[in-house]
Amino acid sequence: MKILVINAGSSSLKYQLIDIDNEDLLAKGICEQIGDSSSSFTHKVPSDKSKTIKDLKYPMPDHGAAIQLVLDTLVSKENGVIDSMDEIGAVGHRVLHGGEKFSDSVLVTEEVKETIKECFKFGPLHNPANLKGIEACEKIMNVPQVAVFDTGFHQTMPDYAYMYALPYEFYEEDGIRKYGFHGTSHRFVSGRCIELLGGKAEGTKIITCHLGNGSSITAVQDGKCFDTTMGLTPLEGIIMGTRCGSIDPAIVTTIMKSHNLTPDEMDSLMNKKSGMLGLAGTSDNRNISDMAEEGNERALLVESMLCHQLTKYIGGFAAAMGGVDAIVFTGGIGENNPQYREKVAEKLAFLGVKIDTKVNNTRGEEIEFSTADSKVKMFVIPTNEELVIARDTLAIVNNL
C-alpha cells in the first residue's frame, strides 16, 4: 500500500508518498506561500533526480489547490511515481494538538475534526492548518484519513509531571496543563534506541533530545513518556530558533506594560522574535556556529546557553527517573552538530558518560558515539516522523 503523509502549515504543505510495504520513500516535497502570488512548489524523487521540481511558481490560492497540485504531480508522466491516484490507499496527517482526548492516532471522523477545532485555542497556528489539510484531502480523495497527534506520545506522563501549580479549576475548565510536542519524533527515536539496547522496553530509561528550529527533550521510561520539556504549547523548554523557551512568567507582564504590547504582540515576540534570532540575529544554527567560530559574542552566548540548558534538563530527567541508560540526539541540530554533543557529554561526565570524539564527528547518520566503558550509551538517531505517521495509518486502515 502507498500512503500519502501530509503536514499542513498555515501557508505551507509538506508531503511524502511512502510505499509502506517496503517502507520506501517514493517522493516528497513542499508547497510554500499558499494563498500568495509568490507561491512555490518543490518536488523530489529520491530514486530519480531527473524528476525533481525545484522552487517553481505555481498558483495555489488555498490548501485544496495545493493538494490537487501534489496529486497531479505524483501521477504525471514527467515527474510522477505512480500511474493512478487509486494506488494511494490512505492519507496520514500530522496534527499538532489533540488535547487529552487522543493518546493514539485515530481515523478521521466528524467527531475527531470537532476535537481538532476545540484545540485551536492551544495551537492557533497549526491546528487550523492541519484541519485544512484534512478537509482538502477529503474533497479530492475517497480514501481513509488518519490523524496522528504530536501530543499523543506524551499522554502517559503522570499528573505530577504535567500539572502546573495554578488554581485547579484552570485545568478542569480550560485544560491548562503540559501536553508536550514532537511526539512522533520522540516515539520513533526512543523506539529505535530500545532496539539498539536489546529490544525490551521494560526497565529502560532513555532521554531523547530533538534539537532543531523547535527543540524539546523527553524522558522515556519503559518505552513511555515520563516527562518532557514543552508544555501547554511548544513555547516552553529550551532555547529554540525563534522561541524563548522557559522564562520567568512575570517577564511577560513586565514587557507588556513597559512596551504597551497586546497579548497577541507579546505572543509573537516570544514565539517568532526570540530565541537564537533574538539573541544573535539569526535562527539558523549553521550561521550561529560560523559566527561563534569568528568570535561573535552573542553567537557564543547562544551556544553556551543551549549546552547549559541541555545539560540541566538531561541531568534533571536522569535524576527524576533514577538513572539513564541512553541519551539520543536527533533533529537538524542534534544530528548535524557534533560540537554540541561533545560539549554536553563533557558536562555529563559525572554520570559516567564517555565518548569517542572521532565517531562523534559524524553528521546525519545513526551512530553510537559513546565508548565501550561509558556507563551511559550516547546515540545519534536520525528521526523519521513521516514513517511513524505512515505506520500508524497502515495499522488503522488494516483494522477497518
Side-chain angles (χ1 to χ4, degrees), residues 1 3 5 16 18-25 92 94 103-105 148-150 152-157 180-212 216-228 314 317-318 321-336 338 341 344-345 348 351-356 359-360 362-396 398:
M1 179 189 295
I3 293 175
V5 175
Q16 288 193 8
I18 297 174
D19 183 344
I20 196 62
D21 296 330
N22 303 309
E23 296 194 343
D24 285 340
L25 174 61
R94 175 183 180 260
S103 58
D104 296 304
S105 303
V148 181
F149 297 92
D150 230 19
F153 180 65
H154 302 297
Q155 291 304 297
T156 55
M157 284 188 288
F181 299 90
H182 294 140
T184 51
S185 177
H186 289 295
R187 175 151 63 106
F188 178 83
V189 298
S190 63
R192 175 58 183 153
C193 183
I194 288 169
E195 291 177 2
L196 295 171
L197 293 176
K200 186 178 180 182
E202 185 178 351
T204 57
K205 298 172 182 178
I206 300 167
I207 297 172
T208 53
C209 305
H210 178 107
L211 308 177
S216 62
I217 306 170
T218 295
V220 183
Q221 191 163 8
D222 301 323
K224 299 177 180 179
C225 175
F226 174 71
D227 201 352
T228 192
I314 291 170
F317 283 163
M321 291 192 294
V324 58
D325 301 311
I327 298 168
V328 180
F329 290 83
T330 194
I333 297 173
E335 296 169 24
N336 295 292
R341 299 195 298 259
V344 171
L348 295 175
L351 289 174
V353 171
K354 297 181 181 180
I355 69 167
D356 185 322
V359 175
N360 179 52
T362 304
R363 301 174 187 272
E365 296 180 18
E366 181 177 290
I367 55 169
E368 178 182 346
F369 61 100
S370 49
T371 61
D373 60 340
S374 177
K375 293 182 180 179
V376 179
K377 290 185 177 295
M378 305 287 285
F379 295 103
V380 174
I381 300 177
T383 192
N384 195 333
E385 298 171 82
E386 291 78 14
L387 183 56
V388 172
I389 295 171
R391 287 171 175 172
D392 280 11
T393 301
L394 177 66
I396 289 173
N398 283 343

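Just so you know, these numbers use all the heavy atoms, side chains as well, and skip hydrogens, waters and symmetry mates. For reference, positions follow the sequence shown, starting with 1.
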A.B. asks: Could you check whether any side-chain N or O of Asp227 sits under 3.5 Å from a backbone N or O of Ala219, counting only pairs where one atom can act as donor and the other as acceptor?
C.D. replies: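 Not at all, since once roles are kept as given, no pair shorter than 3.5 Å links the two residues.
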A.B. asks: Which pair of non-hydrogen atoms, one from Cys209 and one from Ile217, has the smallest distance, and what is that distance?
C.D. replies: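 That would be SG-CG2, 4.0 Å.
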A.B. asks: Measure the spacing between CG of Asn360 and CZ of Arg363 and express it to the nearest 0.5 Å.
C.D. replies: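 With rounding to 0.5 Å, CG (Asn360) is 9.5 Å from CZ (Arg363).
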A.B. asks: If I compare all heavy atoms of Gly364 with all of Asn336, which pair ends up nearest, and what's the gap?
C.D. replies: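 Answer, listing the atom of Gly364 first, then Asn336: N-OD1, 3.4 Å.
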A.B. asks: So how far is it from Glu385 CD to Asp150 CG, rounded to the nearest 0.5 Å?
C.D. replies: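 Answer rounded to 0.5 Å: 6.5 Å.
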A.B. asks: Would Leu196 and Ile381 count as a side chain to side chain contact (heavy atoms under 4.5 Å, CB included) here? Give the steps.
C.D. replies: CA-CA 10 Å; Leu196 295 171; Ile381 300 177; 4.0 Å; yes
A.B. asks: Which atom names give the shortest non-hydrogen contact between Gly203 and Asp222, and what distance separates them?
C.D. replies: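 Reported closest heavy-atom pair: N-OD1, 2.6 Å.
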A.B. asks: I'd like to know if the side chain of Lys224 reaches the main chain of Thr156, judged simply by a donor and an acceptor atom lying under 3.5 Å from each other, with no hydrogens or angles considered.
C.D. replies: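 No, the answer is negative, given that no donor and acceptor are paired below the 3.5 Å cut-off.
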A.B. asks: For residues Thr184 and Ile389, report the shortest heavy-atom separation together with the two atoms involved.
C.D. replies: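 Minimum heavy-atom separation between Thr184 and Ile389: CG2-CG1, 4.5 Å.
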A.B. asks: Among residues two or more places apart or on two chains, list those pairs meeting ring pair (Phe, Tyr, Trp, His ring centres under 6.0 Å) that have a residue in residues 184-206.
C.D. replies: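 Found His154-His186.
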A.B. asks: Quick one: does Ser374's side chain have a donor or acceptor within less than 3.5 Å of a partner on Thr371's backbone?
C.D. replies: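 No; judged by distance alone, with no hydrogens or angles, the pair does not exist.
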A.B. asks: Is any side-chain heavy atom of His182 closer than 4.5 Å to a side-chain heavy atom of Thr330?
C.D. replies: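 They are not in contact (no side-chain heavy atoms under 4.5 Å apart), so the answer is no.
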A.B. asks: To check you understand the geometry: which heavy-atom pair defines the closest contact between Thr362 and Val359, and what is its length?
C.D. replies: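 For Thr362 versus Val359, the nearest heavy atoms are OG1-O, 2.7 Å.
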A.B. asks: Does a side-chain heavy-atom distance below 4.5 Å link Ile314 with Ile327?
C.D. replies: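 The answer is yes, as the side chains (C-beta and beyond) meet within the 4.5 Å cut-off.
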A.B. asks: What residues, two or more places apart in sequence or in another chain, satisfy side-chain hydrogen bond (donor to acceptor under 3.5 Å, both in side chains) together with Arg192?
C.D. replies: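 Glu195, Glu366.
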A.B. asks: Quick one: OG1 on Thr393 to CD1 on Ile3, what's the gap to the nearest 0.5 Å?
C.D. replies: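 Interatomic distance, Thr393 OG1 to Ile3 CD1, rounded to 0.5 Å: 5.0 Å.
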A.B. asks: So, the side chain of Thr218 versus the backbone of Thr228: is there a donor-acceptor pair under 3.5 Å, distance only?
C.D. replies: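 No, the answer is negative, given that no donor and acceptor are paired below the 3.5 Å cut-off.
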A.B. asks: State which residues pass ring pair (Phe, Tyr, Trp, His ring centres under 6.0 Å) with Phe181; sequence neighbours excluded, sorted by chain then number.
C.D. replies: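 Residues passing ring pair (Phe, Tyr, Trp, His ring centres under 6.0 Å) with Phe181: His97.
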A.B. asks: Check the pair Val148, Arg94 against side chain to side chain contact (heavy atoms under 4.5 Å, CB included), reporting the backbone distance first and the verdict last.
C.D. replies: CA-CA 5 Å; Val148 181; Arg94 175 183 180 260; 5.8 Å; no
A.B. asks: Report the residues that fulfil side-chain contact (heavy atoms from CB on, under 4.5 Å) with Asn398, sequence neighbours left out, ordered by chain and then residue number.
C.D. replies: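 For Asn398, the residues satisfying side-chain contact (heavy atoms from CB on, under 4.5 Å) (neighbours in sequence not counted) are Leu394.
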A.B. asks: Restricting to side-chain contact (heavy atoms from CB on, under 4.5 Å), what partner residues turn up for Ile396, sequence neighbours left out?
C.D. replies: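 Applying side-chain contact (heavy atoms from CB on, under 4.5 Å) to Ile396 gives Ser105, Leu107, Val146.
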A.B. asks: Is Thr208 reaching over with its side chain to a backbone N or O of Ser190, donor-acceptor style, under 3.5 angstrom?
C.D. replies: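 No, because the side chain of Thr208 does not come within donor-acceptor range (under 3.5 Å) of the backbone of Ser190.
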A.B. asks: If we ignore hydrogens and angles and just use 3.5 Å, is the side chain of Glu335 paired with the main-chain N or O of Thr383 as donor and acceptor?
C.D. replies: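 Yes; at least one donor-acceptor contact below 3.5 Å.
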A.B. asks: Would you find a donor on one side and an acceptor on the other, under 3.5 Å apart, between the side chain of Asp21 and the backbone of Met1?
C.D. replies: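 Confirmed, Asp21 side chain pairs with Met1 backbone.
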A.B. asks: Measuring from atom CG of Leu25 to atom CG of Leu387, what distance do you get when rounded to the nearest 0.5 angstrom?
C.D. replies: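 The distance works out to 9.5 Å.
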A.B. asks: Measure the shortest side-chain to side-chain distance between Phe329 and Met378 over non-hydrogen atoms and say whether it is less than 4.5 angstrom.
C.D. replies: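 Yes. Closest side-chain heavy atoms under 4.5 Å.
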A.B. asks: Please report the interatomic distance CG(Leu348) to CZ(Arg341), rounded to the nearest 0.5 Å.
C.D. replies: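 Here the rounded value is 14.0 Å.
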A.B. asks: Please report the interatomic distance CE(Met321) to CD(Gln221), rounded to the nearest 0.5 Å.
C.D. replies: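 Rounded to the nearest 0.5 Å, the CE-CD separation comes to 6.0 Å.
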A.B. asks: How far apart are the closest heavy atoms of Asp392 and Arg187, and which atoms are they?
C.D. replies: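 In terms of heavy atoms, the two residues are closest at OD2-NH2, 2.6 Å.
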A.B. asks: Any side-chain heavy-atom pair from Phe369 and Pro338 closer than 4.5 angstrom?
C.D. replies: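 No, every pair of side-chain atoms sits at 4.5 Å or beyond.
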A.B. asks: Who passes side-chain contact (heavy atoms from CB on, under 4.5 Å) against Lys377, sequence neighbours left out?
C.D. replies: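 Partners of Lys377 by the side-chain contact (heavy atoms from CB on, under 4.5 Å) criterion, ordered by chain and then number, come out as Leu197, Ala326, Glu368, Ser370, Phe379.
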